[in-house]
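When a ligand or atom number is given, it counts from 1 through the structure's own listing order. Positions are given from 1, in the same order as the sequence printed here.
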Amino acid sequence: MDAFTYRNGILHVDDVPLNQLADQYGTPLYVYSRSHLKAQFKALVDAMAEVKPLICYSVKANSNGAVIRTFADLGSGFDIVSGGELFRALRAGADAGKIVFAGVGKTEDEIRYAIRENIRFFTVESEPEAMQIARCAESMGARARIAFRINPDVDPKTHKYISTGKKENKFGLDMERAQRAYAFAATLPGIEIAGLHMHIGSQILTVEPFVEALDKVLPLCRQFQALYPTFKTLDIGGGIGIQYKPDQAPLAAAAFAAAVVPAIKRSGLSIVMEPGRNLVGNAGVLLCRAHYIKESPLKVFVIADAGMNDLIRPSLYQAHHDIRAVRQITGTLQGDLVGPICESGDFVAQDRVLPAVQAGDLLAVMSAGAYGFSMASTYNSRPRPAEVMVEGKRLALIRERDTREDLVAREPDPAGIRF
Ligand code: LLP
């Protein structure tokens, strides 16, 4: 389902023209389709129906409360990676019993918070972390459920910054160490062994890396099922890739399911999944306005009001986001879409064929629903954009634009500082 379509030459989100939203809320502006979020969630549930996984939406992809709430209402659980994400999820109505907590560096404070809220399980990245969780749980008179994250050493063939399941990555325990880690954790009184976790990377477009990783971890799971009666869950992580370019085939939920379901079904384990991008990536755009067109000897720069602080993916991962003119234009220009930030790395699209926009025209940066706003910063003291959610004809402002006052809200008045 494509939530963004041209009607009478104007790009719409669901039934709402994007220029109307720009007029109402200003730019830069993140816009999400709630219908798309729901459709993606349903597509994954349907594709995986044979194993009835608990889908734990990965909050880091887009942590707006309205997004979390939309998934919570559909019965989703949540994959979190910090106390802040736990707070956001609970505030948005998440069921703590469906929350899994990942990450290599959980602090004591975060661990205690999660134990207090009685989350489903921690995914654990090292033996020292298992010890820390055990200590916290024991001192609170509780038992914490854990799943060690195993690094199966497979190449997910994605950008190196978002590949996590190779042996040189900081994530997970290597296969050889797994036996020892489980045996050790089983001796800790504050710990209950719940299962095993893997997450091999993000924006993966073929099924092979998932199949290869499962081939490696499923035999381990069989051993652990025999050894530990509470070992019942396999968490297969996230990573399903989406379409960013018109000629790119996404990894369809059905194809993913066809490749992984037979093996995980045979295992008899209960399955957890942690999709992020798959659910939200193509549900969102970053709306911006071209302010100046600058022609240099080499190329044309379209200078817009959105930059790397609003959407860092192009600068950080050389990520491709399609650029569409809100008012459909047939002509093209060759050049860069850049922001106002004082860095040469500040671009939204580089060396591309772009719509032949003029100053004042609105542009939609496509596929910006995942890792867009959630990675935004206020660099160059730029207030972060507002966010709007649309469903059919209806819309809601789900985050106000930062104000200038917000930028300094946590700083005392410099004139009053005494050392
Ligand atoms: N589970 C774990 C443990 C993760 O670390 C991640 C993402 C996910 C699930 C969700 O992965 P997804 O289904 O979205 O691929 N900022 C990068 C992506 C970083 C992903 C980090 N971990 C980007 O903009 O491409």
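Listed here is the closest heavy atom pair of Thr230 and Ile193: OG1-O, 2.6 Å.
Of all protein heavy atoms, the one closest to atom 22 (N) of ligand 1 is Lys60 CD, 3.7 Å. Closest to atom 10 (C) of ligand 1 among all protein heavy atoms lies Ser58 OG, 3.4 Å. Atom 16 (N) of ligand 1 has Tyr317 OH, 2.7 Å as its closest protein atom, hydrogens excluded (heavy atom only).
Going from atom CD of Glu85 over to atom CD1 of Ile80 covers 7.0 Å, rounded to the nearest 0.5 Å.
The closest approach between Met375 and ligand 1 falls below 4.0 Å for a heavy atom of the residue. The closest approach between Pro275 and ligand 1 falls below 4.0 Å for a heavy atom of the residue. No heavy atom of Asn278 sits closer than 4.0 Å to any atom of ligand 1. The shortest heavy-atom distance from Ala370 to ligand 1 is not under 4.0 Å.
Residue Phe184 places its CZ atom among more than 12 non-hydrogen atoms of other residues, nucleotides or ligands, all under 6.0 Å distant.
Contacts with ligand 1 closer than 4.0 Å are made by side-chain heavy atoms of His199 only, the backbone lying farther away. Using a 4.0 Å cut-off between heavy atoms, Glu274 contacts ligand 1 through both its backbone and its side chain. In Tyr161, neither the side chain nor the backbone holds a heavy atom less than 4.0 Å from any atom of ligand 1.
Every residue two or more places apart in sequence or in another chain that forms a side chain to side chain contact (heavy atoms under 4.5 Å, CB included) with Glu411 is listed here: Val408.
Tyr317 and His159 have perpendicular rings, their planes meeting at more than 60° on a 0 to 90° scale where under 30° would count as parallel.
The cationic atom of Lys106 (NZ for Lys, CZ for Arg) lies less than 6.0 Å from the six-membered ring centre of Phe101 and within 45° of the ring axis.
Under the salt bridge (charged side-chain N to carboxylate O under 4.0 Å, His left out) test applied with Arg382, the options Asp402, Asp346, Asp406, Asp310 reduce to a single match, Asp310.
Every atom of ligand 1 is numbered from 1 in the order shown, and the set under 4.0 Å from a heavy atom of Gly276 is 12 (P), 13 (O), 14 (O). For ligand 1, the atoms lying closer than 4.0 Å to a non-hydrogen atom of Gly238 are 9 (C), 13 (O).
The ring-ring contact (aromatic ring centres under 6.0 Å, His included) analysis of residues 252-278, with sequence neighbours excluded, yields the pairs Phe210-Phe256.
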